[in-house]
Every structure is written in structure tokens, then in C-alpha cells.
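Beneath this line is the structure, given in C-alpha cells, with notes to follow.
The structure displayed is predicted, hence computed values, not measured ones. Per chain, numbering begins at 1; letters A, B, ... match sequence-line order.
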Protein chains: 2
Amino acid sequence: MRDVARASGVSQATVSFVLNETANQTIPDATRERVRRAAAELGYVPHSIARALREGASRIVVLEAGGLPRGNSLESFIAGLDAELALAGHSLLVSYGSSAAAIEAVSPRAVIDLPAVYASPDREVADGGWIDGMAAHTLTQIGHLAGRGHRKIAVAVPAGPDPLFALMAGHVRSAAQELRLPPPETVLVDDRPDQLRALLDAGITAVAGLHDDAALGVLAALSDLGLRAPDDLAVIGFDDTPQGALWRPRLTSVRIDARAYGRRTARQVLGLPVGDATPAPAQVIVRDSA
Amino acid sequence: MRDVARASGVSQATVSFVLNETANQTIPDATRERVRRAAAELGYVPHSIARALREGASRIVVLEAGGLPRGNSLESFIAGLDAELALAGHSLLVSYGSSAAAIEAVSPRAVIDLPAVYASPDREVADGGWIDGMAAHTLTQIGHLAGRGHRKIAVAVPAGPDPLFALMAGHVRSAAQELRLPPPETVLVDDRPDQLRALLDAGITAVAGLHDDAALGVLAALSDLGLRAPDDLAVIGFDDTPQGALWRPRLTSVRIDARAYGRRTARQVLGLPVGDATPAPAQVIVRDSA
DNA sequence: GAGGCTTACTTATACGTATTAGTTAGCCGG
DNA sequence: CCGGCTAACTAATACGTATAAGTAAGCCTC
């Protein structure tokens, strides 16, 4: 910046004013042009660390994603976030795991802590309405099964703790209530068939997976029993991962407009008006399994 | 730091020396102790942006992962990287997409550009021997098929461009040569069965997937033809993703000690001796499909 | 007892920016 | 022709750190 100042015959302060288009500064267009040209010729690029030191935060947003299921929607969410942040001159960095140190080290403008959001959804966190949307998406999922006449529905959750579980379990209950279905049982499903057998014996005719992997586990167990979706049991996933389409029978799943949620989240954390980026409603991708 | 200096009755410089354990600095233990105590009491935490400004780089390593297949090994690679970097006081941030801006914005100590490594493997890039290892891993994969008596082998690659493709294709050819097999054909596989039909008609008895998703596509197409692995066609994947174990028949795959490669990469980019973290050889996870 | 070496520090500076608080020149109104 | 106002700038400072360069005192040696 000092070099640019020297080259264009003004002070470093003036250069800063021009390049940042600082408000309330009376600088004639001729000077502005001179400064810009010099900056371009010298290949000036702002030193973001220095700027961060001055401003107290860098133009970075950190997404905390440790322990989150890597699915289609996380990927799209990230893409949307990234794109929208880029529009505002910011950029996204994703942290897995040792977040505290990483955040300490970058002084980001904002941190989006998705696992924390999942853990306590009532907290006021910028997520572009992601959490709120989940309720509707779950309703879409369960509604698809109900629409096909299923009344006794179970929910498949993976073995081991899952950050989504508590949140989704509540939504599933609400959805069932709204659809006037009996409250669904929640069953732990890895790919062993015994649990599934018990379910079938209890008269369950459809299973909704917490996410596609859980649903695929059900399909696998079903196959091990010599049975097949959708006739012996309807199975629907959540989040439409590519692997779902590769199974046979192909997995029916719910696709979420996660990209739009990402965009909204970006605008929200930067304090911009969220505007018109309304996410499309969740969409059931009907394939073979339900 | 100034507060700590005041509280312990020394200058800011001395505080810096003590807390950073700067070499060639003669400071008696009594003073050191006083400074440390004051820092602890005041809750001093280094301002990493200021440090980055001074040092010219922050204690961050950026992993560029845009467009990479999200598989088991990427996840493990990241975990290993993260863990080892944390040991050295650094932290990992992952960038998808708009990397240039992000890198500009954090001034990382190092950037690990995996897509670039894939694109031009001869370049000297710190990757912990990842690329070099690939050759051996491919040999393991093809070797498993050869060991089961297969001689006419094809390689399945996904439709669309894939960053791994060029690299792996070469390795597959070398592996075949070493195993005295005829050079494998490379076939584009999405999950439509017609291409696979042609392959079978040509006498191919085994297919190796570029990664598990490619292999799953083959299994799907095979199922669509009313055939089944491993009897009608042996199928082996690469990278042992969780979804492979959920297929029926279960996908045989190759598991790589990506975590160790991550650790090595970390030490390498920080300029530390790589030491004893030798990755375990790739391991064939034998399931049903090959 | 002067010169040199070591210990235990301190002072000062630089990193690159954004912004506040001036400063100078020109113009206008009375 | 003087006071005040505006335009068009500039000078100076602060952000928090790491480190080179200095300094004062004490000790050792010849």
C-alpha cells in the first residue's frame, strides 16, 4: 500500500480510502483513478492478516463440522455457504475436530457450529433456518410413507451415537402425530437382520431412515432375510446420497435444498438481509424402495 | 502480553522470551516462573493474528480438498493430519472450492493441495508418500484378483471427470504388467447395464473399481442383468467406504492406512523429521464380492 | 585495575492496515 | 479582508507480537 501511495503521489491513507471506498471521504475521481491504476499495475493485493489485526477479525467464516454425517446435504450446504460468502468477500474454512485451536488461530468473522446446533436446537444460532426446516423435511419423509398407506412405521437409527438422533426423533414423533399415525418405534439398525425380523413380526410395514446410510442398513438386513423392498417392507432414506441410487432396489429418499440453506446461513452470519433465497421444499426422490 | 509484563515486573520482550522459550536467552528460573504465573493468572492467550503478522504466516495448514472423492481414506487422512498438526501447535482447516481467497485470507504455514497432486503426481509436493503409496495399493487391489485366478480384468471408472483417474490408470497398467496380466481395459461405468454386458461378453471375469462408488455401480449394473458377484463377475473396490459393507453381496475392498499418511504429511509440511510413522501396507478387506 | 565476558534484562522497531485527527488551500458571504 | 466552510488531502496512531540491538551490573583474568 505504501508503494501504491508512492507511485500515485498520495499518502497511504488516501490509498486505503480509495481502495476500500470509505464513506464520507471527498476524493476526486481523477485521484481515485490514479490510485486504482497504480494498485493494479503494482499488483497490490491486501494483506489480510494485517487487515485482520486492525479490524479484529479476518474475513473468514469457519464451519465446525466434526462428527457430522457426511452426506449429500452437508456437501451442498457447504457449497452454498462457500458461494454466498465469496460474494461478500469472505471465505469458508471447514474445521474437523480441533476446532478451538483453529478458531483461535484465524479469528474468524463468524463460526457456524453445526454440531452444537444439533445438540441444542432451541439455542439461537445462525443456521439459515436449517434446524427449523428439519421438522418439515421429516414430515415430508414420513408423509410419503403415510401417503402410500403405511400406518405402522419405524425409524431406523445407526448404531452408536449420532448428532442428528435427538433432533430427528422429536420431529418424527410430531410428524406421526400430525399424520394421525401411531407413534413410531425407534429401532437401532446395523446391518444384522435379527432386529429387523422382530420389527416385521410386530407388523411394521415401513421404515424411515435417519439418513441414507441407516436406510441402506435396513435394505441390507432385509436382503439377508431373503426379503425385498418395497413389497416386504417399504424403506425410505433421508438426504439422497449418491450411494442410495446405487443400491438394488434403488433407495427412495428425501432431497433437501441444502444449498439454499447454506446461502441463507452465509447472509445471516454476515449480518446481511437474508433476502429472497427461500429454500425449495424438500422433495421425495421416488425410486424403488418405497 | 503487556499486562503480563506489568504484573510480573519485566518488559514485554522478556515475557515473549519466556512464553516462547526463545533459545539463547539467559533468564533465571525464578523470573520465568514469575512470568508464567502472571500469564496464567491473567489468562493470557496469544493473539494469533498479531503473531501471524509478525511471523508472516499463521499456525494453520490448509488442506485443499475441492472436488475430491469423499471416502473413507480422505476422512482418515484428515484425521491423521489434524492430530499430528495439533501436536505441533498447528491446526488444520479444510477448504472446498474458493481456495485462493481462503488461503489469501489466512496466510497458512502450508497448503496441501491434493487435487494438484493428483493432477501432476511428478511434482514435488508434501503428501507423506501418499501418491507413491498409491502404486503399491493398486498392486494390492489387482493382485487380489490375480490371486483368485482372474486374468482378464477391467477397471471401472465413474462417468464424468475424476481427479484420481489419470493417476490410477497408470498404476493399474503397471500392476497388470508386474502380475503378467494382459493390460486391463478401462471402462466407463455408471449404473447402466449395457456397458457391463459388453464387458462380460468379452470374457472379462473381474472388475476393479477406481473407488468404492465405482465398484458399487458395477454391482448395481450386474444386479440389473440378473447376475451376481462374485460368481458371474468378481468386483473389488478401493478405499473401503462404509457403504460398501452395506451392499449385498458385501463389497470386497482395499483399506488404506490413510491416517498414517496424514500424520506423515503433517510432519513433512512443518519441516519436522517424518520419524517412525510408517503406514501399514494396504489391506484387502475380503467380503463377498471378490 | 583495565579490559573483556556473561547475565539479565530493556528499548526500539517492524509487520500492513484502517481510521481519527489534523492541515492546507480555495472559495464564498458579509 | 476576515471568518467560516468545504475539498482534498496527510500525519500519526493502534492493533499484538517477535526479535535485533542495546545496556547496566557483576565477575574473571592477566
Practice problem: Rounded to the nearest angstrom, tell me the gap between atom CD in B:Glu55 and atom P in D:dG16. | Solution: 17 Å

Anything under 3.5 Å between a donor and an acceptor, one on a side chain of residues 16-30 of chain A, the other on a protein residue two or more places apart or in another chain? List them.
residue : atom : partner : partner atom : Å
A:Ser16 : OG   : A:Asn20 : ND2          : 3.3
A:Asn20 : ND2  : A:Ser16 : O            : 3.2

Quiz item: Any idea which heavy atoms bring A:Phe238 and A:Thr138 closest together, and the distance?
Solution: CE1-N, 4.3 Å

Practice problem: Take the protein atom CG of B:Leu19 and the nucleotide atom C1' of D:dG16, then report the distance between them rounded to whole Å. | Solution: 13 Å

Practice problem: Give a yes-or-no answer on whether the side chains of A:Ser11 and A:Thr14 include a donor-acceptor pair shorter than 3.5 Å. | Solution: yes

Exercise. Could you check how far CZ of A:Arg54 sits from P of D:dA12, rounded to whole Å?
Key: 17 Å

Exercise. Report the distance from atom CG of B:Asn24 to atom C1' of D:dA18, rounded to the nearest whole Å.
Key: 15 Å

Quiz item: When the distance from CG of A:Leu53 to C1' of C:dA18 is rounded to whole Å, what number comes out?
Solution: 11 Å

Exercise. Using whole Å, report how far OH of B:Tyr44 lies from C1' of D:dG16.
Key: 8 Å

Quiz item: How many Å lie between NE2 on B:His47 and C1' on D:dA18, as a whole number?
Solution: 15 Å

Quiz item: Which nucleotide sits closest to the side chain of A:Ala50: D:dA18, C:dT17, D:dC15?
Solution: C:dT17

Quiz item: Roughly how many Å is it from CD1 in B:Ile49 to C1' in D:dG16, rounded to a whole number?
Solution: 11 Å

Quiz item: So does A:Arg37 pair up with A:Glu33, basic N to acidic O under 4.0 Å?
Solution: yes

Quiz item: Are the aromatic ring centres of A:Tyr261 and A:His137 under 6.0 angstrom apart?
Solution: yes

Exercise. Of all the heavy-atom pairs spanning A:Ser8 and A:Val4, show the shortest one and how long it is.
Key: OG-O, 2.7 Å

Practice problem: State, without any angle test, whether B:Thr241 and B:Asp212 hold a side-chain donor-acceptor pair at a distance under 3.5 Å. | Solution: yes

Quiz item: Can you tell me if the side-chain N/O atoms of A:Arg51 get under 4.0 Å from OP1 or OP2 in C:dA18?
Solution: yes

Nucleotides 8-11 of chain C: which of its N/O atoms have a protein N/O under 3.5 Å away?
residue : atom : partner : partner atom : Å
C:dA8   : N7   : B:Thr26 : OG1          : 3.3
C:dC9   : OP2  : B:Thr31 : OG1          : 2.7
C:dC9   : N4   : B:Gln25 : NE2          : 3.4
C:dT10  : OP1  : B:Ser11 : N            : 3.4
C:dT10  : OP2  : B:Ser11 : N            : 2.6
C:dT10  : OP2  : B:Ser11 : OG           : 2.8
C:dT10  : OP2  : B:Thr14 : OG1          : 2.8

Quiz item: According to a strict under-4.0 Å criterion, is A:Ser16 in side-chain N/O contact with OP1 or OP2 of C:dT17?
Solution: no

